[in-house]
Every structure is written in structure tokens, then in C-alpha cells.
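Let me begin by presenting the structure, written as C-alpha cells, before commenting on it.
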Protein chains: 2
Amino acid sequence: MNNLTSRSTAAGQGCRAAAADRLRHFGVSVTRPRVAIMEYLMEHHVHPTVEQVYSALSPEYPSLSRTTVYNTMKMLAEHGAVTLLTIDDRNLNIDENTTPHAHLYCTRCHRIHDLPLQGVSPLQASYAFTLDGHLIQQVHQYYKGVCRECQTDLNKEPLLTNKQ
Amino acid sequence: MNNLTSRSTAAGQGCRAAAADRLRHFGVSVTRPRVAIMEYLMEHHVHPTVEQVYSALSPEYPSLSRTTVYNTMKMLAEHGAVTLLTIDDRNLNIDENTTPHAHLYCTRCHRIHDLPLQGVSPLQASYAFTLDGHLIQQVHQYYKGVCRECQTDLNKEPLLTNKQ
DNA sequence: ACTTTATTTTGGAATAATTGTAAATTTCCT
DNA sequence: AGGAAATTTACAATTATTCCAAAATAAAGT
Ligand SMILES: [Mn+2]
Ligand SMILES: [Mn+2]
Ligand SMILES: [Zn+2]
Ligand SMILES: [Zn+2]
């Protein structure tokens with residue numbers, strides 16, 4: 001009841017307990033870098049790149065390695081805890097929201113927005129099925145275009161990349 | 001009528017006239033490397049990589065540069081003559097079939113198969129439209145899984161990559 | 001056909017995302 | 001605590017793609 005004694009559990013900015021729970025839920029052992037990464041993903045549902053995750057965590061966790069972020073992402077994807085998006089040909093984006101949904105990739109700001117799936121229900125898409133003899137394990141849908149925000153700014157600013 | 005005199009026009013393996021026509025149709029000027037590349041694409045609707053196009057043409061056209069293949073692909077994509085697929089995170093694949101359709105990416109053989117689009121008609125998808133305030137210019141749909149062929153071979157051979 | 005100009009191609013170097021590796025660290029079990 | 005197994009780390013290596021400046025080709029003008 002008295003949580004003043006355990007500062008680490010209650011006073012942290014983001015909830016690392018929830019991150020640890022999620023890791024356990026997907027059957028991966030809980031370690032410091034994994035919790036940090038998962039915590040970041042749970043607080044920023046914005047399809048970050050590996051670089052963004054790395055450089056966001058780096059200040060508070062200087063020994064974190066880029067390789068660990070890559071390895072962790074691949075591992076989490078294999079356990080179904082994240083989805084790796086290869087929409088932007090420059091680098092991969094991580095989606096912590098594993099409910100099947102579609103995306104809009106804005107060719108102006110390079111951000112990725114969520115949209116509902118078309119033609120398949122999210123429930124249907126979350127299980128494997130057969131199509132034309134092929135075993136389907138994941139459904140990916142995305143659009144390329146210009147996002148709402150960028151359309152209004154089109155004439156104004158020149159063009160802002162969300163990286164760097 | 002007598003085409004024995006003009007060997008180059010009639011006797012060639014693939015039809016470079018059709019390739020040149022297609023280039024003109026998309027409003028790009030006709031040059032030797034472009035014709036060679038377009039001809040290759042029209043004869044191999046198999047989502048080749050830049051490397052595959054390059055190394056296929058290289059023997060007959062030794063001065064061809066990889067850079068030219070890259071530049072040409074990007075240019076053709078801007079003119080709507082091809083679609084660039086960022087499905088395989090290792091490299092991009094070129095699709096000469098610009099009719100909107102879906103794909104299956106086989107995680108075993110890394111080949112990309114064509115499938116019909118779901119939830120959107122190809123006609124609908126071939127024009128820009130608005131969704132949730134966003135301007136949609138391209139519709140991309142693909143599945144990840146194991147293709148029909150690979151399922152039957154699953155126990156037999158270990159795993160064959162289609163590159164190299 | 002010949003010159004001039006603009007466009008395209010070329011090859012080699014540069015960039016940058018991702019992967020490989022071997023040593024160091026942490027975790028987990030007894 | 002002690003030791004095996006798993007994980008992380010730092011850095012090197014790889015590799016797809018881009019950059020660039022010179023060479024070649026195509027187009028336009030005389
Ligand atoms: Mn998403
Ligand atoms: Mn296709
Ligand atoms: Zn945008
Ligand atoms: Zn296959």
C-alpha cells in the first residue's frame with residue numbers, strides 16, 4: 001500500500017510494469033533493454049524507426065546498443081508482439097499495435113498513419129488462412145499519398161522530413 | 001513486306017519495338033538502355049530486383065550500369081510505367097504490371113506472386129481518391145506467408161532463395 | 001553534314017541501414 | 001556464491017542504394 005518506499009515501481013514516467021507484462025505475455029524473458037524498448041513502443045504508437053527508438057532511449061540508457069534494438073525488434077516480431085513495416089524504402093518502421101489495420105504512407109512527411117483495413121475484417125486477418133493454395137500468415141495493406149496535414153501546408157513550407 | 005533485309009527489326013528474340021512504344025506511351029524518350037530494360041521487364045513479369053535486371057542484361061550490354069537501372073526504374077515509376085514494391089526488406093522489386101493487384105510474398109522462397117485486390121476494385125484503385133482527408137495515390141496490398149509450391153516441398157529440400 | 005547544347009549514361013566512390021562477431025555482462029539455477 | 005546459458009555490447013563487415021563528375025549520346029540549330 002505504501003509505495004513511497006519503492007520509488008522505481010511507482011514514480012517512473014512511463015509504466016515499465018506494463019511493458020514487462022506485455023513481454024511475459026508474448027513469452028519472452030524480461031530484461032532491462034527489452035523493457036526499455038517495449039515501454040517506449042507502448043508510449044509512442046507512431047511507427048518509429050529503429051534509429052528513433054535507439055536515439056530516444058540512448059540518453060537515459062547510454063550503454064544501449066543499436067544492435068540490441070534491431071535484435072529485439074526482430075525477436076518481438078517473431079513472437080507476434082510487434083509488426084515490422086517495410087513501407088518506407090529507406091528504413092523499417094515498428095508497429096506495436098498488432099491488431100490488423102491499414103496504413104497511409106505520406107510521401108511528403110514520410111509519416112505513417114493508421115487506417116482501417118479494407119475487404120478483410122481485423123479478426124479474420126489475425127489468423128492464418130489459405131488463399132489460392134497459399135498459406136497466408138499476415139495481411140499488409142497501405143496507401144501512398146499525401147496526408148491531411150501535409151495537404152494544407154502544401155504551398156507554405158517546402159517539405160519536412162520526419163527523420164533528422 | 002520483305003523483312004529478311006532488316007534483321008534487327010524482325011529476328012530479335014524479344015520485341016524491342018513494343019518496348020519502345022511503351023516508353024513513348026508513358027512520355028519518356030527512347031534510349032538504348034531504356035529499351036533494353038523495358039524489354040526485359042515486359043518479357044519477365046516476375047517482379048525482378050534491380051540486380052536481376054542488371055545481371056540479366058549485362059552480358060549482351062556490357063556497358064550497362066547498375067546506376068542506370070536504378071535511375072531508369074525510379075523514372076519509370078514516376079511516369080507510372082512500373083510500380084516499385086518494398087515488400088521484401090532486402091531489396092526492391094519491380095512490377096511492370098501497373099494494373100492494381102495484390103501480392104503474396106513467400107517467406108520461404110522470397111518470390112512474389114500476383115493475387116487479386118481485396119475490398120477495392122482495380123479500376124477504383126487506379127485513380128487518386130480521398131480517404132479520411134488524406135489524398136490516396138496508390139493502393140498496396142500484400143500477404144506474407146508460404147506459397148503453394150513451397151508448401152509441398154516443405155519437408156523435402158531445406159530452403160532455396162531465389163536470389164544468387 | 002557539322003556545331004552547339006541539352007540529356008543521358010557510366011563507373012567508381014560515398015552513404016547508410018542492417019547484420020555478423022566475439023567478448024563482456026547479466027540472468028538464472030543449484 | 002559459482003557456473004552454465006542467455007543476452008547485450010561495441011565495432012567491424014556487408015550490401016543495397018545514392019551521389020557525382022566525366023564521357024557518351026541524342027537533339028536542335030546552321
Ligand atoms: Mn499502425
Ligand atoms: Mn505483381
Ligand atoms: Zn504528411
Ligand atoms: Zn515459396
Side-chain angles (χ1 to χ4, degrees), chain A residues 16 19-20 23-24 26-40 47-55 57-79 81-82 84-94 110 161-164, chain B residues 16 19-20 23-24 26-40 47-55 57-79 81-82 84-94 110 161-164:
Chain A
R16 65 201 53 162
L23 289 171
R24 271 184 288 266
F26 283 101
V28 313
S29 52
V30 176
T31 65
R32 189 152 122 66
R34 287 177 190 174
V35 171
I37 290 168
M38 180 54 86
E39 195 180 4
Y40 178 88
H47 317 106
T49 63
V50 165
E51 187 58 34
Q52 287 170 337
V53 173
Y54 170 75
S55 51
L57 296 178
S58 215
E60 301 137 90
Y61 187 172
S63 83
L64 181 67
S65 158
R66 236 177 288 257
T67 303
T68 300
V69 182
Y70 274 105
N71 290 343
T72 303
M73 292 314 175
K74 184 178 286 187
M75 206 224 36
L76 291 177
E78 278 160 5
H79 287 257
V82 302
L84 303 180
L85 308 178
T86 58
I87 298 177
D88 184 344
D89 60 6
R90 302 175 309 172
N91 40 33
L92 68 85
N93 295 85
I94 296 125
H110 303 282
T161 296
N162 101 326
K163 71 179 323 198
Q164 162 235 37
Chain B
R16 64 200 55 165
L23 289 171
R24 272 184 288 266
F26 283 101
V28 314
S29 52
V30 176
T31 65
R32 190 152 122 66
R34 287 177 190 173
V35 171
I37 290 168
M38 180 55 85
E39 196 179 5
Y40 179 88
H47 317 106
T49 63
V50 165
E51 187 58 35
Q52 286 169 338
V53 174
Y54 170 75
S55 53
L57 296 177
S58 214
E60 301 137 89
Y61 186 171
S63 83
L64 180 67
S65 157
R66 235 177 290 256
T67 304
T68 299
V69 182
Y70 273 106
N71 291 341
T72 303
M73 291 315 175
K74 185 179 286 188
M75 206 224 34
L76 291 177
E78 277 160 6
H79 287 257
V82 302
L84 304 180
L85 307 178
T86 57
I87 298 177
D88 185 343
D89 61 5
R90 302 175 309 173
N91 40 34
L92 67 85
N93 295 85
I94 296 125
H110 302 282
T161 296
N162 99 325
K163 71 179 325 198
Q164 160 234 40

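The structure displayed is predicted, hence computed values, not measured ones. Computed over heavy atoms, backbone and side chain alike; hydrogens, waters and symmetry mates excluded. Chain letters run A, B, ... following the sequence lines, proteins first, then strands; residues in each count from 1.
Looking at heavy-atom distances under 4.0 Å, A:T68 makes contact with a base. B:T49 comes within 4.0 angstrom of nothing in the nucleic acid, heavy atoms only. At the heavy-atom level, B:T31 lies under 4.0 Å from the strands shown only through sugar-phosphate atoms.
Between A:N71 atom CG and C:dA17 atom P there is a gap of 17 Å when expressed in whole angstrom units. D:dT7 atom P lies 14 Å from atom OH of A:Y61, rounded to whole Å. Rounded to a whole Å, the CZ atom of B:R34 is 15 Å from the P atom of D:dT25. For A:R24 and C:dT27, the CZ to P distance is 13 Å, given to the nearest whole Å. The distance from atom CG of A:D88 to atom P of C:dA17 is 10 Å, rounded to the nearest whole Å. One atom, OH of B:Y54, and another, P of C:dG12, lie 10 Å apart when rounded to the nearest Å. Separating the CG atom of A:L92 from the P atom of C:dA16 is a distance of 17 Å, rounded to the nearest angstrom. Regarding B:R32, its CZ atom lies at a distance of 11 Å from the C1' atom of C:dT9, rounded to whole Å.
Counting only heavy atoms from C-beta outward, the side chains of B:L64 and B:V69 approach each other to under 4.5 Å. Counting heavy atoms from C-beta outward, B:R16 and B:M38 have side chains that stay 4.5 Å or more apart. Between A:L76 and A:L23 the shortest side-chain heavy-atom distance falls below 4.5 Å.
Between B:D89 and B:P33, the residue anchored closer to the 5' end of DNA chain C is B:P33, taking for each the nucleotide with the nearest heavy atom. With the nearest nucleotide of DNA chain D identified for both A:S29 and A:P62, A:S29 has the one nearer the 5' end.
Proximity of A:Y70 to the phosphate of C:dT18: a side-chain N or O atom is located under 4.0 Å from OP1 or OP2. Distances shown here put every side-chain N or O of B:S65 at or beyond 4.0 Å from the OP1 or OP2 atom of C:dT9.
Put simply, the side chain of A:T67 and the base of C:dG20 share a donor and an acceptor less than 3.5 Å apart.
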#### Entry: Derivation and outcome, side chain to side chain contact (heavy atoms under 4.5 Å, CB included), residues B:I37 and B:L57
CA-CA 8 Å; B:I37 290 168; B:L57 296 177; 3.9 Å; yes
### Query
Do A:T86 and A:L84 pass the side chain to side chain contact (heavy atoms under 4.5 Å, CB included) test, and can you show the C-alpha distance, the side-chain angles, and the key distance before you say yes or no?
CA-CA 7 Å; A:T86 58; A:L84 303 180; 5.8 Å; no
